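Notes for the one structure printed next.
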Amino acid sequence: MRGRLHPILTFAFAALILLFTAGPVALSLYGSLVPDRVLLDPDRSLWTEGPNFESYRYVFTGQLPDSYLQESANRAMISDAARQVPQSLANSLVVALSAMALNILLGAPAAFLYARYAFPGKKVTFLFLILSPLVPAVALVTPIYMMLQALGLVGTQLGIVLVHAAKALPFTVLILSVFFRKIPPEIFEAALLDHCSRFQTFWRVALPLALPSVGATGLFAFMISYSEFMFAMVLSGDAQTRPVSVVMAALARNTDVSWNLLNTAIFIAIVPTLVLVVLVWRFVVEGLLSGAVKG
Amino acid sequence: MQLRKLVAAMALASGTLLAQAVVAQETTLEFVVWNYSLETIQDNVREFEAANPGIKVNVTDYTWPDYQDSLVLRIRGNTQTDVVYGGQDWLPAWGAAGFIAPLEAVAPAEEIEALKSDIAGFALTDVTYDGKIYGLPYYADTISFIYNKKILEDAGIAVPTTWEEVTAAAEKLKAGGMDKPIIYEYNQELPNFYDAFVAQAYGRGAELFDAELNPQFADPENGAFKQLQWLADAYSKGLVQSDNHESTIITAMNTGAHAFTIVYTYVLAALNNTAEQPLAGQFALAPMPGEAHSTLGFAKSYVVTAQAAADPKRAEAAWKFVNFMAGRPYTVAKRWAVEKGLGFGQLPLFEDADVKAAWGKWADMATLADQAKSAKAGTYTEYSSVWSAYFRPLLAKAMVGEASVDQVMKDGAERWTMLKEQFASR
Amino acid sequence: MWTLRRFPALWLLPALLPVALMTIYPIAQAFWTSLHSVMLLFPGEPFVGLENYLRVLGSNYFQDALRNSLLFTLLAAPTVVVLGTLIALFLHGRFLGSQVVRSLVLLPWVLPGAISAVLWVWVFHPSFGVLNGLLQDLGLIEASIPWLTSPRTALPAVVVAHVWTQIPFAVVLLMAGLSTINPETLEAAAIDCRDPFKRFRYVVFPEIKSMIVVLLVYNALTAFTSYDLVYAMTGGGPGTATTLLSFQIWRESFSMYDFGAGSAVAFIVVAVSAVLIVAITRALPSDLFAES
């Protein structure tokens with residue numbers, strides 16, 4: 001695609017990109033390993049006492065960091081809200097994966113139709129899909145809350161999954177339709193010659209070719225659900241079923257959560273999600289770079 | 001044969017279950033809270049359930065910043081809600097809207113009278129609306145003027161007692177190299193932004209409203225007007241650093257970069273947390289500067305909803321629950337005070353030895369008790385929280401010099417009067 | 001493109017119905033609310049026509065909020081797309097460590113808004129912020145720069161944080177788009193055209209144009225309606241420097257208890273968003289909606 005870039009320039013760009021995207025997260029990792037009394041002291045740093053894993057230990061086991069066991073310390077001054085992070089992470093993953101699966105299942109067929117076919121009502125329905133996310137969600141909280149209440153879904157994970165899936169669907173359909181369009185028409189002509197039905201064309205021909213794009217769109221739907229805050233907050237009433245976005249927002253405003261504990265919680269929330277996302281993304285990228293969508 | 005035995009056993013079992021269901025008739029109370037120390041809340045709830053078989057309490061928690069909106073949604077969506085944490089600034093509005101019920105609807109009058117005598121002055125005002133008591137205190141606190149003892153000692157500055165002295169101290173510290181001696185919680189979206197302002201006005205002995213609820217603060221001689229002017233001046237002199245939230249103030253103060261702040265008293269406990277904070281022990285509270293040294297006190301309470309009060313079984317269960325959590329012998333309130341350093345509105349606890357011992361770790365108990373006794377409640381009406389939401393951005397603008405103090409106060413007074421009339425004629 | 005005679009319900013309804021459920025009734029309700037006086041403190045919901053809209057347009061926050069939101073969008077959306085394109089182009093080739101960079105570039109995506117706010121507050125905080133510390137250590141500045149508390153730097157600072165959160169999605173989408181380009185086309189272009197900029201402009205850009213339009217529209221919409229990150233970082237301050245229009249929807253409804261006004265603000269936001277989107281799609285014609 002382009003000539004070889006000078007290796008030093010390559011390294012420089014890569015370093016810049018990493019600094020920008022990963023820098024703040026590295027900061028968080030640092031903060032999670034250094035207790036506040038060291039962190040806020042300009043004369044001391046990570047190397048003064050070495051990495052300190054006690055806040056991680058606290059989140060997972062509830063065992064107080066050693067500094068709380070001193071005579072003068074008040075053991076209650078550390079918030080138990082931080083211990084909700086692992087459970088809420090699991091909740092978020094379940095909800096986000098469900099929303100992602102729903103999006104692909106419901107969205108891919110529709111995207112294929114919009115990309116390859118003309119039919120009555122195409123423009124109207126496509127416009128409807130594209131324009132539906134225009135209204136800010138915060139204005140729709142009350143009617144959607146009351147609607148879900150009537151259906152008995154308030155306080156359930158299913159309710160949140162439905163809202164999240166509906167939120168991402170317009171974009172899923174839009175993006176996937178762009179990718180389905182990119183598939184050269186000759187492939188479809190060949191399928192037609194082989195007397196493939198519409199569904200077979202979709203299932204056997206289009207989908208495999210667009211699989212990396214489907215992966216990318218799935219990731220997008222996952223992310224919309226994972227980071228969504230407002231509906232997750234009003235529709236989950238239980239610390240047990242609460243997603244991580246709500247728990248983290250509360251931790252950020254909690255005076256009994258030290259900076260160190262907050263960063264620990266942040267890092268714990270990042271790692272599993274990052275692993276999952278990277279795995280999917282590598283699959284997607286391999287597919288993209290090996291030319292799955294070539295003519 | 002086997003099958004018949006099985007069927008008979010099942011019939012017997014289900015019959016027993018049904019009978020139990022008919023007899024037990026459990027009431028489940030929906031208790032809505034903000035999630036401060038959720039584990040403690042749940043533990044208290046378990047103790048209540050153990051002492052009251054037949055009543056189950058289901059705890060739904062929201063985070064503090066979202067508590068009010070979530071409750072508003074529950075009101076509009078008619079979600080079953082029985083006992084809630086009530087806040088003093090929205091109590092009159094909810095009372096007027098018919099969402100909450102006065103305690104006399106669920107409890108005998110003599111019991112309420114007896115409990116009333118134990119409630120501290122400002123706390124009592126805060127739980128009362130339209131002459132009736134709507135809740136029992138869960139948590140009561142004051143707003144404090146907090147300073148770093150060591151910084152003042154090292155610089156040879158006496159603890160300021162007036163706002164002019166605060167300016168002088170700050171200017172001296174700034175000349176000595178401290179860039180922004182005062183760190184101030186500046187967030188126009190938080191109700192405590194207005195509360196802190198009122199607390200400072202009370203320090204001067206000013207009243208923002210008169211007995212007929214007419215606004216007084218547009219008058220340049222009024223203490224509140226003067227205090228806003230003081231804030232605007234302090235900002236323009238570069239003495240004040242804004243901070244979005246008290247949690248980052250705790251971190252910032254512990255870098256030693258600031259000497260003064262004005263926050264809720266519980267923040268002092270976090271500032272002096274020896275387990276975490278490097279400068280723990282250096283922070284203390286002083287009486288609010290100004291001639292009167294008074295400050296704002298506020299109380300959060302346990303409140304019963306109208307929905308629960310309408311159903312006799314729920315009403316009875318709700319009162320039992322509220323009485324357990326905040327009534328005599330105040331075991332739960334004491335637990336919050338001793339274990340978590342949470343302020344309280346029940347007078348007997350001020351004399352309690354355990355409370356005194358626990359609090360001595362992070363505050364001077366004598367100063368604190370004095371402050372609580374002289375604290376005054378804020379002025380809350382049906383429309384005051386709406387007005388406050390309108391007024392706070394104006395305060396924010398005046399502080400940073402985007403609008404004049406005069407204009408802001410006039411605007412605020414006009415809006416109050418307008419709302420007052422609007423509400424009176426509804 | 002094949003033609004069908006009947007509406008392919010089986011294929012489309014599974015996607016259309018959930019969206020319809022979450023939009024048609026709620027939007028209708030919200031619109032109805034905007035035309036009535038719906039206030040928590042006053043019983044009854046009388047019809048008031050456009051009164052809510054007029055009140056909002058004349059309110060003391062409207063002009064500031066609209067200006068800030070537009071400025072925020074105009075700064076953030078193009079930045080995300082441009083930066084995203086550059087990064088995607090860069091990461092499209094293989095080099096030592098490219099896999100690592102491609103994975104780490106996703107990090108901002110993995111964070112909920114509240115957390116991104118915490119991290120960027122840590123970067124920008126005047127008292128214990130990392131940026132000030134770094135600049136001071138390097139000797140570039142004397143006193144801390146009040147990034148978040150000075151009216152001139154507050155908006156750019158939150159724009160930086162917002163852009164950070166949106167980059168991964170742009171990169172993902174653009175890399176996917178770049179991969180659909182036929183490598184033979186690229187090889188031919190490399191032979192015919194030595195200047196990489198010309199190559200990009202005439203060969204690469206047309207291929208990913210529709211993707212860029214999608215991204216631009218999506219980012220414009222997101223930037224114009226987002227407020228979580230900004231309010232977690234600055235609370236809308238200092239003064240009115242970072243007050244955003246979309247936040248007023250929440251504020252009118254849940255702070256001022258005026259759901260009618262809140263809904264009115266929402267539909268004003270919709271109107272402006274629609275104008276923005278039309279402007280973008282007109283300025284960058286692509287085959288997104290073509291019939292071909």
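Computed from a predicted model, the values in this text were never measured in an experiment. Reminder, nothing fancy here: chain letters follow the sequence lines and each chain counts from 1.
No part of Leu151(A) comes within reach of chain C, as not one of its non-hydrogen atoms sits under 4.5 angstrom from that chain. Looking at Ala117(C), there are no atoms closer than 4.5 Å to chain A (heavy atoms on both sides), in backbone or side chain. Only the side chain of Met223(A) comes within contact range of chain C, judged by heavy atoms closer than 4.5 Å. For Phe247(C), no part lies under 4.5 angstrom from a heavy atom of chain A. The contact between Val105(C) and chain A is made by backbone and side chain atoms together, counting heavy-atom distances below 4.5 Å. Contacts between Ser253(C) and chain A at a heavy-atom distance below 4.5 Å are absent for every atom of the residue. At a 4.5 Å heavy-atom cutoff, Phe11(A) makes no contact with chain C through either its backbone or its side chain. Interface remark: Asn263(A) contributes side-chain atoms only to the contact with chain C (heavy atom separation under 4.5 Å). With a 4.5 angstrom heavy-atom cutoff, Thr225(C) touches chain A only via side-chain atoms. In this structure, the portion of Phe259(C) lying under 4.5 Å from any heavy atom of chain A is its side chain and not its backbone. Within the 4.5 angstrom heavy-atom criterion, atoms from both the backbone and the side chain of Leu27(A) approach chain C. Within the 4.5 angstrom heavy-atom criterion, atoms from both the backbone and the side chain of Leu274(A) approach chain C. The contact between Ala249(A) and chain C is made by backbone and side chain atoms together, counting heavy-atom distances below 4.5 Å. In this structure, no portion of Pro185(A) lies under 4.5 Å from any heavy atom of chain C. At a 4.5 Å heavy-atom cutoff, the contact between Leu134(A) and chain C is made by backbone and side-chain atoms alike. Using a 4.5 Å cut-off between heavy atoms, Phe229(A) touches chain C through its side chain atoms alone. Within the 4.5 angstrom heavy-atom criterion, only side-chain atoms of Gln99(C), from C-beta onward, approach chain A.
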Got a list of side-chain donor-acceptor pairs under 3.5 Å for residues 104-116 of chain A, not counting sequence neighbours?
unit_1: Tyr114(A); atom_1: OH; unit_2: Thr125(A); atom_2: OG1; d: 2.8
unit_1: Arg116(A); atom_1: NH2; unit_2: Arg181(A); atom_2: O; d: 2.9
unit_1: Arg116(A); atom_1: NH2; unit_2: Ile183(A); atom_2: O; d: 2.9

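Every side-chain contact (heavy atoms from CB on, under 4.5 Å) that Met147(A) has, sequence neighbours left out, goes to Leu21(C), Met22(C), Tyr25(C), Pro26(C). Thr222(C) meets the side chain to side chain donor-acceptor pair (under 3.5 Å) test with no other residue; sequence neighbours excluded.
For chain A, the option among Val123(C), Leu16(C), Val269(C), Leu221(C) with the highest count of heavy-atom pairs below 4.5 Å is Leu16(C).
For Ser255(C) and Arg251(C), the side-chain atoms include no donor-acceptor pair closer than 3.5 Å.
Between Phe202(A) and Trp11(C), the distance separating the two ring centers is shorter than 6.0 angstrom.
In this structure, Phe90(C) and Phe95(C) have tilted ring planes: the angle between them lies in the 30° to 60° band.
Identified by a heavy-atom distance below 4.5 Å to chain C, the contributing residues of residues 214-222 of chain A are Ala216(A), Leu219(A), Phe220(A), in residue-number order.
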